Protein chains: 2
Amino acid sequence: MKQTSISPKSRYNIEALARGLELLALFSAERPSLSLSQIVEALPLNKSTAYRILATLEAQQYLVQDPLTRLYRPGLKVLQLGFTALNSLEVRQIARPHLEKLAQALDETVSLAVLDGFRTVYIDRIRNQSIVGVMLGIGSSLPAHCTALGKVLLADLAAGELDAMLTTHDLRAYTPKTITTPEVLRVALATIRQQGYALDDEELSAGLQAVAAPLYDQTGRVVAAVNVTGTTLNISPARLRDEILPALKAAAHEISLALGAAPGPH
Amino acid sequence: MKQTSISPKSRYNIEALARGLELLALFSAERPSLSLSQIVEALPLNKSTAYRILATLEAQQYLVQDPLTRLYRPGLKVLQLGFTALNSLEVRQIARPHLEKLAQALDETVSLAVLDGFRTVYIDRIRNQSIVGVMLGIGSSLPAHCTALGKVLLADLAAGELDAMLTTHDLRAYTPKTITTPEVLRVALATIRQQGYALDDEELSAGLQAVAAPLYDQTGRVVAAVNVTGTTLNISPARLRDEILPALKAAAHEISLALGAAPGPH
DNA sequence: ATGTTTGTTTCACTCAGTCAAACCAATTCT
DNA sequence: AGAATTGGTTTGACTGAGTGAAACAAACAT
């Protein structure tokens, strides 16, 4: 991402630590537990080095090892940390009650997300009881170009930032409707910027629809976004326009105010 | 557990990594963001060493630095990891629907926890809408001796394990009703073990009541515990005995079965 | 202006981290 | 059964990565 070629802070990188953190980051929803050998083949580490890293992570309770299978998985320390991270996001704290209100009023699932590079990271969600819908948990992420949330967040980037993103990430197609070219995306973002919301009509997954609106803070920058999701079945274009969109925009505006944004025609 | 007294795995400890992890663990709900100097005074680290560790953690997205205040706070990587940790706890996955059912039936807050050393760590919770109640989030922890959950979990420890705990942790009093001596605790745990549930009558906080029941897995060990909490106002002794306790025990039994425990008179 | 605090950078010394390779214990194959 | 394979644990020697002291810079308070 940032390439201050000559004097990056990364000059201070301490390798033993970096390796340990990389190892830790190997664990994911798909690979919740790993063996020493899996780790060694996934990372360019010597077996004994990996072993020592594991021992250290385990001693610190960042990992626990199942004594039978010898498999490692994230420990409670990680959990604990994760939640302090979550709670340190003040956007979330502030937005929470408004999201609840919105979700209740519409009886639909409402989510809150921030941008991390070119990815949309979910940081909160109030679900309705419908069976179908996004199954992604808090903390997980999706490419930004194919979600309403992502597009709203991208729309506020400086031109240069967006350019950088577009050269390093390609716009993978998830459905026939996914935006796959930089040109089309740029146009879409311009529209979104002026209309103050974004739509996702089956760009990520067939049958899935979403509307998202940006949240502004004191500085006038977009710091997060809220969306309402539903299936093509229970959200008609009419309902979306007449009921959902106004409620969403109102909620987003309220939250922005609570975040200290100047009242204005967002 | 095996104690090859002079050959603990900790011999493999790699210090640079350990220090980094300790630094990371400094962040908590109370101290969600820290400056370099705060860190240096909290840990036995040289300023420049701490600086390098911070740089490394930041490069790996484990921390982010507010460019204005220079304060560091946990990054999204940590969040992400935290949730994979949470989801890797299969107890939680399995218990979830039963907890929801229980919470709905009683219209009270229901929590799920595991034991970590001498602490009770909350790993899930379904809240009711009442204003008062435990304000602790998932991932946070409390001393085990003063909560119903904790006592249920302690009750299953081997005598030796409990002894070890009691010598290293003292039983801090949170209210006049808190159990503060090992002898009393041992007696209480024996009772709990045979009756299959634990009560907490204002042992942690005045006005707060809880009942907890253990969850068993295939091996017959207690792996987690469920509880129902409420205030002394809305939970009468009668209601507790006649309505809540039976429902709780039934739910716990169901979950245990789902975890593969042998059906039996728990 | 002057002192104080906090963050950044440099540098020389040495010990911590690394890799290769041996070792051991289970599995699986013949 | 023995042989071969796989995955985990342990050792030791070499050396560069990590360390602390101390100088430097910038921000802040007085």
Side-chain angles (χ1 to χ4, degrees), chain A residues 2-27 31-60 62-73 75, chain B residues 1-27 31-60 62-75:
Chain A
K2 52 197 119 173
Q3 303 289 52
T4 327
S5 49
I6 172 167
S7 163
K9 228 175 174 180
S10 68
R11 164 161 47 106
Y12 294 116
N13 198 56
I14 128 168
E15 192 166 319
L17 177 54
R19 287 174 163 189
L21 298 173
E22 276 164 31
L23 197 163
L24 197 54
L26 269 188
F27 296 86
R31 329 193 71 197
S33 61
L34 294 166
S35 70
L36 173 58
S37 30
Q38 290 177 307
I39 289 166
V40 171
E41 79 187 43
L43 291 176
L45 288 178
N46 183 287
K47 212 191 338 175
S48 43
T49 302
Y51 187 73
R52 295 190 65 197
I53 294 176
L54 286 169
T56 306
L57 288 167
E58 194 186 357
Q60 302 267 343
Y62 280 77
L63 291 180
V64 292
Q65 186 179 28
D66 184 319
L68 286 113
T69 63
R70 319 246 91 168
L71 259 45
Y72 295 87
R73 43 190 189 77
Chain B
M1 36 176 89
K2 52 197 114 176
Q3 300 291 51
T4 327
S5 50
I6 69 167
S7 163
K9 226 174 174 182
S10 67
R11 165 161 47 105
Y12 294 115
N13 198 56
I14 127 168
E15 191 166 321
L17 176 54
R19 287 174 162 189
L21 297 172
E22 275 164 32
L23 197 163
L24 196 55
L26 271 187
F27 295 86
R31 328 193 71 196
S33 60
L34 295 166
S35 69
L36 173 58
S37 31
Q38 290 177 308
I39 288 166
V40 171
E41 80 187 41
L43 291 176
L45 288 178
N46 183 287
K47 213 192 336 176
S48 44
T49 303
Y51 187 71
R52 296 190 65 198
I53 294 176
L54 286 169
T56 306
L57 288 167
E58 195 186 356
Q60 302 266 345
Y62 279 78
L63 292 180
V64 292
Q65 185 179 29
D66 183 320
L68 285 113
T69 64
R70 320 245 89 170
L71 259 46
Y72 295 87
R73 44 191 188 77

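Note that these values count all heavy atoms, side chains included, but never hydrogens, waters or copies made by symmetry. Keep in mind that this is a model prediction, so the values were computed, not measured. Reminder, nothing fancy here: chain letters follow the sequence lines and each chain counts from 1.
- We find that CD of A:E15 is positioned 6 Å from P of D:dG18, with the value rounded to whole Å.
- For A:Y72 (side chain) and A:L54 (main-chain N/O), no donor-acceptor pair under 3.5 Å exists by modelled atom type.
- At whole-Å resolution of the value, CZ in A:R70 and C1' in C:dA25 are 10 Å apart.
- Between the C1' atom of C:dG17 and the CD atom of A:E22 lies a distance of 16 Å, rounded to the nearest Å.
- OP1 or OP2 of D:dG20 has at least one side-chain nitrogen or oxygen of B:R19 nearer than 4.0 Å.
- Straight-line distance from the OH atom of B:Y51 to the P atom of C:dT5: 21 Å, rounded to whole Å.
- In this structure, A:I14 and A:S37 both approach DNA chain D, and ranking their closest nucleotides by distance from the 5' end singles out A:S37.
- Residue A:N13 contributes atom CG, which lies 11 Å from atom P of D:dA17 at whole-angstrom precision.
- A donor-acceptor contact shorter than 3.5 Å links the side chain of B:R52 to the backbone of A:Y12.
- One finds a side-chain N or O of A:T49 lying less than 4.0 angstrom from the OP1 or OP2 phosphate oxygen of C:dC19.
- Of all heavy-atom pairs spanning B:G20 and B:I53, the tightest one is CA-CG2, 3.7 Å.
- When rounded to the nearest whole Å, the span between CG of B:L45 and P of D:dG18 equals 14 Å.
- Of all heavy-atom pairs between A:L23 and A:A50, the closest is CD1-O, 4.3 Å.
- Place A:S48 and B:S48 on DNA chain C by their nearest nucleotides, and B:S48 ends up nearer the 5' end.
- Comparing A:L36 and B:R52 against DNA chain D, the residue whose closest nucleotide sits nearer the 5' end is A:L36.
- With hydrogens and angles ignored, the 3.5 Å screen pairs a side-chain donor or acceptor of B:Q65 with a backbone N or O of B:R70.
- One interatomic measurement links the two molecules: CD of A:E41 to C1' of D:dT6, which rounds to 12 Å at whole-angstrom precision.
- One finds no side-chain N or O of B:Y12 lying less than 4.0 angstrom from the OP1 or OP2 phosphate oxygen of D:dT9.
- Contact annotation: B:R11 reaches the phosphate of D:dT11 (side-chain N/O to OP1 or OP2, under 4.0 Å).
- A straight line from NZ of B:K47 to C1' of C:dT10 spans 13 Å, rounded to a whole angstrom.
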